[in-house]
Amino acid sequence: MAFILIGGSRSQLGLLEQARALGHEVCVVDGAETAPLLAEADVGIVQDFSDVEGVLNALRERGVEPEAVATMGSDQAVLPTAHFAERLGLPGLPVQTAEIVADKRLMRAAFEAAEVPAPRGREVGREDAAEALAEIGLPAVVKPVDGSGQRGVTKVRSAEEFPAALERALAASRTGAAVLERFLEGDELTVNGFLLEGEYFPMSVTQRLLHPPPPLGVCIAHRYPSGLSAERERKLFALAHAASRAVGIDTGPSYVQLRVDGDDNGVIEVGARLGGGKDAELAKLVTGFDAIRAETLRALGGLTPGDLGPGEPVAPVGQVRFVVAPPGRIVRLNAAPALELDGVHEAGFYWREGMVLPPMISGAERLGYLLLTAGSDTELDDLTDRALHALHVEIAVERVPA
Ligand SMILES: Nc1ncnc2c1ncn2[C@@H]1O[C@H](COP(=O)(O)OP(=O)(O)O)[C@@H](O)[C@H]1O
Ligand SMILES: [Mg+2]
């Protein structure tokens, strides 16, 4: 019997380790031979996970008997994982819910039906671009209906900027479709929670600090605490619950991105997964809520209310800080010196030596991450500076194709 992990990127490591800690063999499925967790797994299957039949065949051929199936950080893996759960008769997200969270048109319709506050928006194509822009107004955001990681997302400030931005969104969409939304001002927050049979268990509210534009919306840090009052956080958790219910999440993790502007809130999107940016790892350190363990138990069909809730935090303040660097050929990367600092829990890179780091156009071009905690905000800022400094990053700046 094996715990099937869909996707072999580093962001899934917590789930792999947790399944193993609970005594399960782990089988990792990923289409890229270089996916780092393929080698970590008890069984590694190199197969594009969007090919559901192909993966089911490969599992049979390799004699793997699935007892659970899950994914953690990747948006792309949520729908395939729901299909696998359905086909294998294992606990999982309803396929319909997975379809809704994978398509920003369906997500918007679900929010509208449930009266969840969200920016005004609609589908847009080349034919009705002018009409859509007139309807939505400026400033606006155009993005692929099925994108993730901020690929193809652009803020539109003027009608002149729109055609090129629309082309980027259409090009980034697998189905060649885009949505246009009113741009929401305000601070961006992530509300993390976990549902069990409809009940919502609040985890954490974090500030989502953004890289200066362009690009739009690339996260540079998830920071805890949010700085909002407890009362305000309670309202955001209630909103995150409503948004999760609207898309049909009954049991499982919920990752809600929203913007708050004064007393106004607008939901940007709901993820039916643990965050891909070490969100669950951070929440565990600063709240004691162990969502990775909860997600592992959920996949195995053994999650109880007692597994969901805060515990003993390691520290009151913490952040995931993403590491960015200028584009160029990566000569040398070493996170070990940063890891030696007190309060640095994780440090790693998404890219490897020898690769060429492209210019930053989405979250995928970030170089790496640090997971840090401290006793206060000032201590955290100081530690972050020292940790970024301690990372050994050597990049030969050269002309690279954009
Ligand atoms: N309507 C909007 N108003 C303001 N910012 C937005 C809006 N839509 C998207 N963004 C910004 O772009 C980022 C990515 O958009 P999102 O819808 O979450 O797409 P993705 O699925 O690629 O993460 C958001 O985190 C946010 O910073
Ligand atoms: Mg998003």
Side-chain angles (χ1 to χ4, degrees), residues 11 73-79 98-108 110-112 116-124 132-133 135-157 162 165-166 168-175 177-192 205-223 240 243-244 247 253-262 264-277 279 320 322 360-366:
S11 63
S74 151
D75 251 340
Q76 308 298 341
V78 170
L79 183 54
E99 280 169 350
I100 292 172
V101 295
D103 186 324
K104 288 177 166 67
R105 290 168 295 196
L106 301 178
M107 191 155 24
R108 160 173 317 286
F111 290 164
E112 275 169 17
V116 170
R120 183 164 80 233
R122 54 166 279 177
E123 189 172 354
V124 61
L133 197 60
E135 181 185 331
I136 300 306
L138 289 168
V141 176
V142 62
K143 50 193 176 183
V145 296
D146 50 3
S148 67
Q150 299 81 56
R151 270 176 283 267
V153 181
T154 310
K155 179 172 179 179
V156 183
R157 294 170 195 78
F162 188 38
L166 175 60
R168 275 197 293 278
L170 294 172
S173 167
R174 267 164 296 139
T175 52
V179 288
L180 183 69
E181 273 178 8
R182 186 65 187 219
F183 182 84
L184 288 186
E185 303 293 344
D187 294 331
E188 200 160 318
L189 299 164
T190 305
V191 184
N192 297 291
V205 180
T206 50
Q207 300 171 46
R208 192 173 193 274
L209 305 177
L210 301 180
H211 189 273
L216 175 63
V218 172
C219 180
I220 200 73
H222 294 293
R223 190 150 170 137
S244 308
V247 299
S254 150
Y255 173 92
V256 176
Q257 279 182 261
L258 43 82
R259 282 202 171 200
V260 297
D261 190 13
D264 264 359
N265 307 316
V267 175
I268 291 179
E269 71 169 344
V270 177
R273 55 180 178 96
L274 298 170
D279 307 76
V320 180
F322 296 98
M360 171 103 75
I361 52 163
S362 75
E365 292 78 40
R366 294 174 302 190

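No experiment lies behind these values; they were computed from the predicted model shown. When a ligand or atom number is given, it counts from 1 through the structure's own listing order.
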Verify the distance criterion only: is there a donor paired with an acceptor across the side chains of Thr154 and Arg168 at less than 3.5 Å? yes

Could I get the full list of salt bridge (charged side-chain N to carboxylate O under 4.0 Å, His left out) partners for Glu135, not counting sequence neighbours? Arg122

Just to be sure I understand the site: which N, O or S atoms from the protein are less than 2.8 Å away from the Mg ion (ligand 2)? Gln257 OE1, Glu269 OE2

With the threshold set at 4.0 Å, does a side-chain nitrogen-carboxylate oxygen contact exist between Glu181 and Lys143? yes

Does a side-chain heavy-atom distance below 4.5 Å link Gln76 with Arg174? yes

Sorted by chain and number, sequence neighbours left out, salt bridge (charged side-chain N to carboxylate O under 4.0 Å, His left out) with Arg182 holds for none

Side chains of Leu180 and Leu133: does their closest heavy-atom pair fall under 4.5 Å? yes

If the threshold is 4.0 Å, N to carboxylate O, is there a salt bridge linking Asp75 and Arg273? yes

Counting only heavy atoms and a distance below 4.0 Å, can you name the residues contacting ligand 1? Lys104, Pro119, Val141, Lys143, Gly147, Ser148, Gly149, Gln150, Val153, Glu181, Arg182, Phe183, Leu184, Glu188, Arg208, Leu210, Leu216, Gly217, Gln257, Arg259, Ile268, Glu269

Within the structure provided, determine whether His222 and Phe322 are in side-chain contact (heavy-atom separation under 4.5 Å). yes

Do Arg259 and Glu185 have side-chain heavy atoms sitting under 4.5 Å apart? no

